[in-house]
Amino acid sequence: MIHWNNMDTLSSYQELKNMKTVQLAKAMAGENGAERVKNYTVPMGAGLDFNFGARPVDDEILSVLSKFAKEAQLAEKFAALYNGEVINTGEKRMVLHHMTRGQLGENVVADGVNKRSFYVEQQKKAAEFAHKVHAGEITNAAGEKFTTVVQIGIGGSDLGPRAMYLALENWAKVNGCFKMKAEFISNVDPDDAAGVLANIDVAHSIFVLVSKSGTTLETLTNESFVKDALQKAGLDASRHMIAVTSETSPLAKSPDYLAAFFMDDYIGGRYSSTSAVGGAVLSLAFGPEVFDMFLQGAGEADTIAKNEDLLKNPAMLDAVMGVYERNVLGYPTTAVLPYSQALSRFPAHLQQLDMESNGKSVNRYGEPVDYVTGPVIFGEPGTNGQHSFYQLLHQGTDIIPLQFVGFKNSQMNTDVVIQGSTSQQKLCANVAAQIVAFACGKEDDNRNKYFAGGRPSSIIIGNQLTPQALGALLAHFENKVMFQGFAWNLNSFDQEGVQLGKVLAKKVLSHETEGALKVYSDLLNI
């Protein structure tokens, strides 16, 4: 039987709080550090490895973390989720994004439909549509092929798909899979839509409108903006638009769209990149075969996340070490640092994934918790970040755990030898150096040049950023966030915190304001 208890009621959590902490700088020094890095590595699927040698744990702490994971029933709660129990208590819904990339457990039926079959059917529909576009069977009114796809959506309808597209764009070009350029319109700021429209050939562009409810204000505003541009160009907007929405939304059967692909309420926006939300745009951009490879990598990582052995489950391990750092060591922030320019928008996606999921101060029953929960997430690709905010990371007053991502080989296989090494070798040298510099620090009598060390990090290492590797990387972080939510006894699958501002914005636009809201509205000339 599963028990949903607050973390501070668990005996293993109290044990963790009383344990002797690891002196990371000492632990990482010399041969002991070398053995530690070698031993603290766990395979995470699709050729990726999770190395936590520079995290502030040792075998004794790992043993108690294993007890913590068992007492918190993290594996059982994951099984309940993928077997279709109502895990999203706030909205009384199942949580089924894993089913877009595999069948982890029992057949799940909802609304009279087998959900795995439903998701596969939508993927096949999107694949068939993409093949017809690529073959020139679906064209613009002049019978000409579409060359650009533009996704219109906000939040999870933008951040994840945009990050995935950018991550694979160069890989697809090198591997002969690049079909269509993708652009994204998300912000209701008119400069966003206008800027994209000014840089594309609208006559040869197909637009993907993404709104589960069909009522998202920002998205519908941008759709109208796009339709206006199409009409001004003398084009029939209905020949240029498709929808990703729910079967019950007003967009589902509208003649305004060439086709509609469906998602449902059991997949939250920030978990939707492997659904039709990401599937339509990525299949059009790279071909459905590449999207399938992406799903395979995610499914492989999901299967590994089922393992009840903490030391063979990198997502769960990453999660409980994060809980230890947040709740025992008191670190408030985590930086995500991919040493890959292709992952330039991946930290922004993880920011939403993590902070929207676990940015909660009440448990799954709506009761206040007496411990801190989700950390602040930020990040930037290396080596750019080194010349931006690493000063604070190295010598600031806060200790910020770091999550590096690195690949042995570049995507484009184009490099030169400069001063005895390639650019890729220089990139990898930087990430290796940073891990050790953060952990070990440097003694110096000049306090400006003194580094205390003891700054923890982990790194995910792969051979190359491929679609499979990207899928596994995405699933790792999705599952990490899920396991942390379970540990904190949160509902990680609703987002009431984004609603209040929307309600007040509607009041402003309806001129139903008073007090400070009216003054701010007047100041902004609304």
Side-chain angles (χ1 to χ4, degrees), residues 2 44-46 74-128 156-157 160-161 164 210 212 244-248 260-283 288 291-307 313 315-316 353 357 467-468 470-483 485-486 491-494:
I2 292 178
M44 51 181 284
L74 300 186
E76 292 91 334
K77 289 170 182 174
F78 184 28
L81 183 150
Y82 62 68
N83 284 320
E85 291 192 24
V86 176
I87 299 297
N88 180 349
T89 50
E91 297 169 315
K92 297 179 173 58
R93 293 172 181 165
M94 297 180 289
V95 177
L96 302 181
H97 57 274
H98 297 86
M99 285 199 165
T100 61
R101 58 242 196 175
Q103 184 77 57
L104 292 177
E106 302 168 2
N107 287 329
V108 175
V109 176
D111 309 319
V113 175
N114 180 295
K115 297 312 295 183
R116 172 62 181 158
S117 299
F118 171 77
Y119 298 138
V120 170
E121 178 190 359
Q122 297 309 308
Q123 289 163 10
K124 287 180 178 177
K125 280 176 58 181
E128 289 169 3
S157 300
M164 302 309 123
V210 184
K212 186 189 298 182
V244 177
T245 189
S246 68
E247 289 181 290
T248 57
F261 310 108
F262 300 130
M263 53 180 166
D264 57 35
D265 287 335
Y266 309 115
I267 298 177
R270 58 194 176 276
Y271 296 94
S272 67
S273 291
T274 52
S275 75
V277 173
V281 65
L282 295 178
S283 294
F291 185 64
D292 284 344
M293 294 160 66
F294 172 61
L295 296 179
Q296 290 167 16
E300 190 174 339
D302 286 342
T303 300
I304 293 172
K306 293 173 62 176
N307 202 313
N313 187 330
M316 187 187 293
L353 172 68
S357 294
Q468 293 96 328
L470 181 66
L473 189 66
L474 175 72
H476 171 87
F477 283 102
E478 288 181 348
N479 293 326
K480 172 198 170 185
V481 168
M482 172 194 69
F483 283 130
F486 290 158
N491 176 15
S492 301
F493 304 104
D494 67 2

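The model shown is predicted, which means the values in this text are computed figures rather than measured ones.
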Please evaluate residues Thr245 and Phe262 with respect to the criterion side-chain contact (heavy atoms from CB on, under 4.5 Å), reporting the C-alpha separation (whole Å), side-chain torsions for both, the decisive distance (0.1 Å), and the verdict. CA-CA 5 Å; Thr245 189; Phe262 300 130; 4.3 Å; yes
Minimum heavy-atom separation for [X] and [Y], please, with both atom names.
| X | Y | result |
| --- | --- | --- |
| Gln123 | Thr274 | NE2-O, 3.9 Å |
| Gly45 | Glu300 | CA-OE2, 3.4 Å |
| Asn313 | Ala305 | ND2-O, 2.7 Å |
| Met94 | Ala110 | CE-CB, 3.1 Å |
| Asn491 | Gly90 | ND2-N, 3.0 Å |
| Ala46 | Gly297 | CB-CA, 4.4 Å |

Any heavy-atom pair between the side chains of Tyr82 and Asp302 that's under 4.5 Å?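 Heavy-atom side-chain distance check fails, nothing below 4.5 Å.
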Assign the ring pair Tyr271 / Phe493 to parallel, tilted or perpendicular, where the plane angle (0 to 90°) is split at 30° and 60°.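 Taking Phe493 first and then Tyr271, their aromatic rings sit tilted (interplane angle of 30° to 60°).
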Using the ring of each side chain (for Trp, its six-membered ring), is Phe291 parallel, tilted or perpendicular to Phe294, with breaks at 30° and 60°?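 The arrangement is tilted - the two ring planes meet at 30° to 60°.
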Pair Asp265-Glu91, side-chain contact (heavy atoms from CB on, under 4.5 Å): steps then yes or no: CA-CA 9 Å; Asp265 287 335; Glu91 297 169 315; over 6 Å; no
If you apply the rule side-chain contact (heavy atoms from CB on, under 4.5 Å), what do you find for Thr100 with Gln122, and how did you get there? CA-CA 10 Å; Thr100 61; Gln122 297 309 308; over 6 Å; no
Cationic tip of Lys115 within the cone over Tyr119's six-membered ring, i.e. under 6.0 Å and within 45° of the normal?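 The answer is yes; both the distance and angle limits are met.
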